[in-house]
Enquirer: 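Quick one: structure below, then a few questions.
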Amino acid sequence: MTGRAAAGPRWLLCPSCRSPQYAPRLARDLRVCPGCAAHLRVGARARIEQLLDPGTAVPLPGAASALEDPLRFHDSLPYPERLRRAREATGIDEAVVTAAGAIGGRPVVLAAMDFGFLGGSLGMAAGQRLCDAAAEALERRTPLVTVTASGGARMQEGIFSLRQMARIAAAFARLDRAGILTVTVVTDPTYGGVAASVATLADVILAEPRARMGFAGPRVVRQIARTALPPDFQTAESLVARGLVDRVVHRRSLRPVLASLLACARRPDERPDERPDEGPDERPDEDDPPPPPEGGGAVVRDPDRLDPADPWDRVRRARDLDRPTTLDYIARLCDDFHELRGDRTGADCPALVGGPARFRGRTVVVMGHQKGRTPRELAGRNFGMATPAGYRKAARLAGLAAKLRCPLVTFVDTPGADPRVEAENGGQAGAIAANLRLMARLPVPIVAVITGEGGSGGALALTVADRLLMLENAIYSVISPEGCAAILWRGEDAAPRAAAALRLDPASLLRARVVDGVVREPVTADGRPDRDAVMDAVGDAVEAELADLAAVAEREGAGRLVERRLAGLLEDDAPAMPVAETSGPAASGRHGHGAAAPGRVSEGTGVPCR
């Protein structure tokens, strides 16, 4: 809003649509224009009042800079005079105001920036307050929420202003080491040193509609590029599409969204795997290891108990588009799920989804491949074939699980990794390799479930786990049957024979100890798949596995999980499958590794992974 009255002192003019607005009503609407929905600037104190639960705000002491005018700066006004006028105009003494309180009953430390104070510029005092807020969150072991609004560094403080970026990064690094959740709300505008520090260092980045964020402002970019900029340049909506912001949230929805996010943060007195409102678990005797969990009877661990089925029939069932997707499982089994987008390097991959959630009382990070069902959705999600950005996003999500010290749950359903030229040029192989290494050493429990297709390296990147389950109509293979048939039998019509030779069915994989259990898929009275019952069975199985892993971690230490996972990956892959009698070439061996029958296979002896 402009300070000029449009029709009297209680009327203001919207700077976006130029319509007159009644000031009291605008305040009730949280300064969102009812005419054009423009989110107008809000002062730091008003922002704290909007976000914190009523009666919970406790102002934190604001440190003043010991050297207020380090350069003795003077342009049209001496810098001290500019500070005096800013304080008089805004009623605050610096561009950052901090408070402790609660959002949705969850404790939080909140730091809000005020663009009205010298453009929200980042100077020594403002930087110190952000660092102090981080220190307060660390001491209280509560999440830190920051609301940014800034034109960038404070030029009047020169290099001392620039150094605040590094100081803030160090403060956030301490929060990372302590496992403290950080959330940023980006408001318009957020530029320069604030964008390159507090705004983008958070675990979760929310943004108000049409908020602009970038390192260089549009005027600088336009001057350097000497060309017109697109209308959505640096807007929140375009940043979400590029994986640089997780979500655009209307101002009225900010409090409930933040409250839901904070529910995924551990309480100060909560163990990483503790379920709230429950007494201590019954733990087995130290010398008596617990039996493998059975997941409520839904998990089969003896391959002879599985119904025999034609492998090619399993392939067709695994590819059925009516099977539940990752987002279906999350919607059915989780509360407070927040999808995080992007690899934070400028790209997002809709074929891989994930984020923090509450699963049956536990905080988890959940992720998986997302195929879709309709032709439009399948094409939009690239048939569940993740790009390098997808695997970098998976690494980001795994890192968040490690930071929050909560389990990681993955759902796998993909034909393989994206094989297109742009994926190869984007470093597909390296992205998958980095993810494999990260998950192998991730210091939290990991449970993976193959829900449909487990295709080659694209699936393997999400199946490095402490417990690997698969559904009884899922498959897991080094290559698709069609690809194997085309290479070894010289024709895709041999795909059914290739499916049998590849031993990609659950019984074969369970017998070979590639998977730890198979989840039965309930059917309705008329023999059709019961989607809800299937998802509930998977939920029961995952819950049982997580409870067992939590018991192991408590009994032997969390580091023991990682040691066991690494030892399991490094143990000798002795084949445990009977040799198939086929009339054509075949390959056998655990995890799909093995020698192909004699004959030329492309230009080598193996098959390309996807």
Side-chain angles (χ1 to χ4, degrees), residues 176 179-181 203-204 261 263-267 270-278 280-281 283 290 292-293 295-296 299 326 329-330 332-340 352-368 393-412 435 438-451 461-470 515-517 519 535 538-566 568-569:
D176 291 340
I180 306 297
L181 179 70
D203 300 312
V204 181
L261 262 172
C264 295
R266 288 191 297 121
R267 303 188 309 271
E270 181 183 3
R271 295 194 310 268
D273 300 289
E274 181 184 10
R275 294 184 61 173
D277 304 323
E278 292 187 0
D281 293 338
R283 299 299 185 194
V299 178
T326 292
Y329 281 104
I330 292 173
R332 178 78 178 180
L333 302 176
C334 296
D335 299 313
D336 296 314
F337 171 66
H338 292 270
E339 183 177 352
L340 304 187
L352 197 145
V353 298
R358 295 289 290 180
F359 167 70
R360 298 187 177 182
R362 299 176 188 268
T363 293
V364 299
V365 171
V366 58
M367 65 179 172
K393 176 164 66 174
R396 175 193 167 205
L397 292 168
L400 179 61
K403 173 179 175 175
L404 298 181
R405 301 168 191 172
C406 67
L408 176 65
V409 178
T410 70
F411 295 106
V412 177
N435 214 63
L438 173 63
M439 291 183 66
R441 66 189 184 198
L442 203 71
V444 296
I446 308 174
V447 175
V449 185
I450 303 172
T451 61
L462 267 62
T463 58
V464 176
D466 299 297
R467 301 285 166 78
L468 175 58
L469 307 175
M470 69 185 300
V515 300
D516 298 297
V519 182
M535 290 187 284
V538 169
D540 292 342
V542 171
E543 183 179 25
E545 300 292 353
L546 289 178
D548 185 60
L549 291 170
V552 173
E554 181 170 320
R555 187 176 60 252
E556 303 179 15
R560 181 63 177 151
L561 285 178
V562 179
E563 292 175 12
R564 287 186 175 189
R565 191 186 312 144
L566 291 171
L569 291 167

Enquirer: Applying salt bridge (charged side-chain N to carboxylate O under 4.0 Å, His left out), name anything that partners D335, two or more places apart in sequence or on another chain.
Expert: none
Enquirer: Would you check if the side chain of H338 reaches a backbone N or O of L261 as a donor-acceptor pair within less than 3.5 Å?
Expert: yes
Enquirer: Taking the basic N atoms (NZ, or NE/NH1/NH2) and the acidic carboxylate oxygens, is any pair closer than 4.0 Å for D540 and R360?
Expert: yes
Enquirer: What I'd like to find out is whether the side chain of L569 reaches to under 4.5 Å of the side chain of V464, using heavy atoms alone.
Expert: yes
Enquirer: Side chain of R565, backbone of P443: donor and acceptor closer than 3.5 Å?
Expert: no
Enquirer: Please determine whether a side-chain nitrogen of the Lys or Arg among D466 and R564 lies less than 4.0 Å from a carboxylate oxygen of the Asp or Glu.
Expert: no
Enquirer: Does L352 offer a backbone N or O that forms a donor-acceptor pair with the side chain of K393 under 3.5 Å?
Expert: yes
Enquirer: First locate atom CG of L462, then atom CG of L468, and finally report the distance between them rounded to the nearest 0.5 Å.
Expert: 11.0 Å
Enquirer: May I ask you to say whether R467 pairs ionically with D516, meaning some side-chain N is under 4.0 Å from a carboxylate O?
Expert: no
Enquirer: Hey, is the main chain of I180 close enough, under 3.5 Å, to the side chain of K403 for a donor-acceptor pair?
Expert: yes
Enquirer: Side chains of D176 and D203, heavy atoms from C-beta outward: is any pair under 4.5 Å?
Expert: yes
Enquirer: Please round to the nearest 0.5 Å and tell me the distance separating atom CZ of R560 and atom CZ of R555.
Expert: 10.5 Å
Enquirer: When you measure from the side chain of T410 to the backbone of G368, do you find a donor-acceptor pair of N or O atoms at a distance under 3.5 Å?
Expert: no
Enquirer: Charged N to carboxylate O under 4.0 angstrom, D336 versus R358?
Expert: no
Enquirer: Taking the side chain as every heavy atom from C-beta outward, state whether F359 and L546 have any atom pair closer than 4.5 Å.
Expert: yes
